[in-house]
Amino acid sequence: TSPHSHYGVKVRKDFAGFKNLFHRFLQVKGPSVEWIKIQRPPEDSIQPYDKISARGLPNNVANSLNKLVVVKLNGGLGTSMGCKGPKSLISVRNENTFLDLTVQQIEHLNKTYNTDVPLVLMNSFNTDEDTKKILQKYTHHRVKIHTFNQSRYPRINKESLLPVAKNLSMTGQSADGWYPPGHGDIYASFYNSGLLDQLITQGKEYIFVSNIDNLGATVDLNILHHLVSQPNGKRCEFVMEVTDKTRADVKGGTLIQYEGKLRLLEIAQVPKAHVDEFKSVSKFKIFNTNNLWISLPAIKRLQEQNAMDMEIIVNPKTLDGGLNVIQLETAVGAAIKCFDNALGINVPRSRFLPVKTTSDLLLVMSNLYSLDAGSLTMSPKREFPTTPHVKLGSSFTKVQEYLTRFESIPDMLELDHLTVSGDVTFGKNVSLKGTVIIIANHGDRIDIPAGSMLENKIVSGNLRILDH
């Protein structure tokens, strides 16, 4: 391609970005934090959500909404759930995909308040083509959709630190020589695409960024109002939504005070000797949901000053041929330390509902949640606000297999814990309560009969129900 084409420009910008990251990687020695300097964040730097929402909403919510852009991280594939193509195109509820739900939510806002909140998707080279094809179906919806692409960086050989790709091609031998460098890439890619300036020109001031597979990440009017109502000198440029850690979240990044700034500490940055301490629920009580509210002018300023500083995450991978490579990545939340008046808001757990596995999918498809205008909310019929703990075994990993094993999704309103292992199927209208453990040993099969009610039961052995 001629160097003047759009493609040529993107390749050059990507390469400049990689060169910069690689250069920093070569200079960094040892862990990026000194454990001794880590402090608990000061009281006022992480505010409880109740305190933010207690102020109530003004009459002109529309004014605030018209300053907002919703950005969804859409670079990931559905491979971990056994699906081809972008993860955002997997059906999660009544034939609606992650993307459908996102569009419905924003469309609902725009209709309700007569506003113009646009949706921006950050795609990767893995998801861009398939996503663009599907976007045609939203042409008559009341939401403007923009896309831009993450960078494409070369994977490097773990030993020689040289790129494994032989040329710029995305196909043939060099296909697995490339990777999208983590969501920290959003700042440079958004800026380089020209979309950031375009939105600022339209009067937009904040982006709400979240993972497209987090069904709890809906536009929150209280947080938005808090942002736009700050006095000019104290404008908050970055809000990170955090929530209380449970045993399941020990790996999540946490907020610390470091050299006088709020900072995101990820497990990858923790020296080996302190990993157990990092995982403790007592010292680090909260974790990052990756729902972030960020000032657009601030991103522009930091990009132009070359002041966006994020720790490098070294992600080792083994390619199909057995070659060990490393990918240099960054995380969007790690830039929190660069922004002025950054704030953590401790939000309810309901704002963190990621669908990473079919176990998560079972929860969101069930009667534990009700769907309203693209938003999932916990059913009022559930007596406990906590979600049940669900562990489905390897026979359920792929979405297609998982779907064939349930004739209908069980009633789980009173479920606390479900573990399923082995070759198990569920008939129609099964109801699960308390703690239910179903284990079919190798070679056995268990068919839970239609209409069964299992409460605090362990089912094992062999149970086959055949059509006669």
Side-chain angles (χ1 to χ4, degrees), residues 31-55 73 182-184 208-211 213-220 222-224 226-227 236-271 274-294 310-311 313 330-356 360 378 384-387 389:
S32 52
V33 290
E34 291 178 50
W35 197 254
I36 195 94
K37 287 167 122 182
I38 290 177
Q39 295 172 300
R40 270 204 191 156
E43 282 297 292
D44 58 347
S45 66
I46 300 182
Q47 305 225 354
Y49 177 79
D50 293 347
K51 191 178 162 190
I52 303 279
S53 58
R55 302 169 52 201
L73 304 173
H183 42 52
F208 170 49
V209 184
S210 62
N211 300 353
D213 64 8
N214 177 8
L215 293 176
T218 56
V219 170
D220 186 280
N222 292 307
I223 296 177
L224 177 62
H226 179 80
L227 284 170
C236 171
E237 294 183 339
F238 197 108
V239 160
M240 176 178 286
E241 294 185 36
V242 298
T243 194
D244 293 344
K245 256 189 201 180
T246 66
R247 288 267 162 251
D249 313 306
V250 289
K251 289 198 170 90
T254 192
L255 280 179
I256 57 171
Q257 180 86 351
Y258 194 87
E259 296 176 342
K261 283 272 199 185
L262 262 193
R263 185 150 160 177
L264 179 66
L265 178 66
E266 299 271 10
I267 195 160
Q269 297 163 294
V270 177
H274 297 283
V275 166
D276 285 342
E277 196 182 337
F278 174 82
K279 286 182 171 177
S280 89
V281 180
S282 52
K283 179 161 182 181
F284 302 105
K285 292 189 166 59
I286 48 102
F287 72 97
N288 167 27
T289 62
N290 223 34
N291 300 348
L292 309 168
W293 304 72
I294 314 172
M310 291 167 280
E311 288 75 30
I313 299 160
T330 56
V332 57
I336 187 170
K337 61 176 188 274
C338 311
F339 290 84
D340 293 338
N341 303 312
L343 179 68
I345 298 181
N346 190 337
V347 297
R349 181 75 186 201
S350 57
R351 293 192 55 71
F352 185 67
L353 184 58
V355 180
K356 302 286 181 201
D360 300 329
M378 178 79 72
F384 308 99
T386 55
T387 32
H389 199 70

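When all heavy atoms of Gly216 and Leu353 are compared, the closest pair comes out as N-CB, 3.7 Å. Across all their heavy atoms, Pro41 and Ser45 have their closest contact at CB-OG, 3.3 Å. The shortest non-hydrogen separation linking Thr243 to Thr289 is CG2-CG2, 3.9 Å.
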Can you list, pair by pair, the side-chain donor-acceptor contacts under 3.5 Å of residues 252-265, counting residues two or more places apart and other chains?
| from | atom 1 | to | atom 2 | distance (Å) |
| --- | --- | --- | --- | --- |
| Thr254 | OG1 | Ile286 | O | 2.8 |
| Tyr258 | OH | Glu34 | N | 2.9 |
| Glu259 | OE2 | Lys37 | NZ | 2.7 |
| Lys261 | NZ | Phe339 | O | 3.4 |
| Arg263 | NH2 | Ser32 | O | 3.2 |
| Arg263 | NH2 | Glu311 | OE2 | 3.1 |

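Using a 4.5 Å heavy-atom threshold, the side chains of Arg349 and Met378 count as separate. For the pair Asn290 and His183, the minimum side-chain heavy-atom distance is below 4.5 Å. Counting only heavy atoms from C-beta outward, the side chains of Ile46 and Met240 never approach each other to under 4.5 Å. In this structure the side chain of Phe238 never reaches within 4.5 angstrom of the side chain of Leu343, judged on heavy atoms.
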Working for side-chain contact (heavy atoms from CB on, under 4.5 Å), residues His226 and Lys51: CA-CA 10 Å; His226 179 80; Lys51 191 178 162 190; over 6 Å; no
Steps toward side-chain contact (heavy atoms from CB on, under 4.5 Å) verdict (Arg55, Asn222): CA-CA 8 Å; Arg55 302 169 52 201; Asn222 292 307; over 6 Å; no
Stepwise salt bridge (Lys or Arg N to Asp or Glu O under 4.0 Å) check, Lys356 with Asp213: CA-CA 7 Å; Lys356 302 286 181 201; Asp213 64 8; 2.9 Å; yes
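Of the listed residues (Val347, Ile52, Leu227), just one forms a side-chain contact (heavy atoms from CB on, under 4.5 Å) with Val239, and that residue is Leu227.
Phe208 and Trp293 have parallel rings, their planes meeting at less than 30° on a 0 to 90° scale where 60° marks the start of perpendicular.
Here the CZ-OG1 distance, from Phe287 to Thr246, works out to 6.5 Å after rounding to the nearest 0.5 Å. Taken to the nearest 0.5 Å, the CD1 atom of Ile38 stands 5.5 Å off from the CZ atom of Phe284. In this structure, Cys338 SG and Met310 CE are separated by 7.0 Å, a value rounded to the nearest 0.5 Å. Within the model, atoms CD1 of Ile223 and CD of Glu241 stand 4.0 Å from one another, a figure rounded to the nearest 0.5 Å. In this structure, Cys236 SG and Ile294 CD1 are separated by 10.5 Å, a value rounded to the nearest 0.5 Å.
Donor-acceptor pairing under 3.5 Å is recorded for the side chains of Asn214 and Asn291.
No donor-acceptor pair under 3.5 Å is formed between the side chain of Glu277 and the backbone N or O of His274.
Applying the salt bridge (charged side-chain N to carboxylate O under 4.0 Å, His left out) criterion to Asp220, with sequence neighbours excluded, gives no partner residue.
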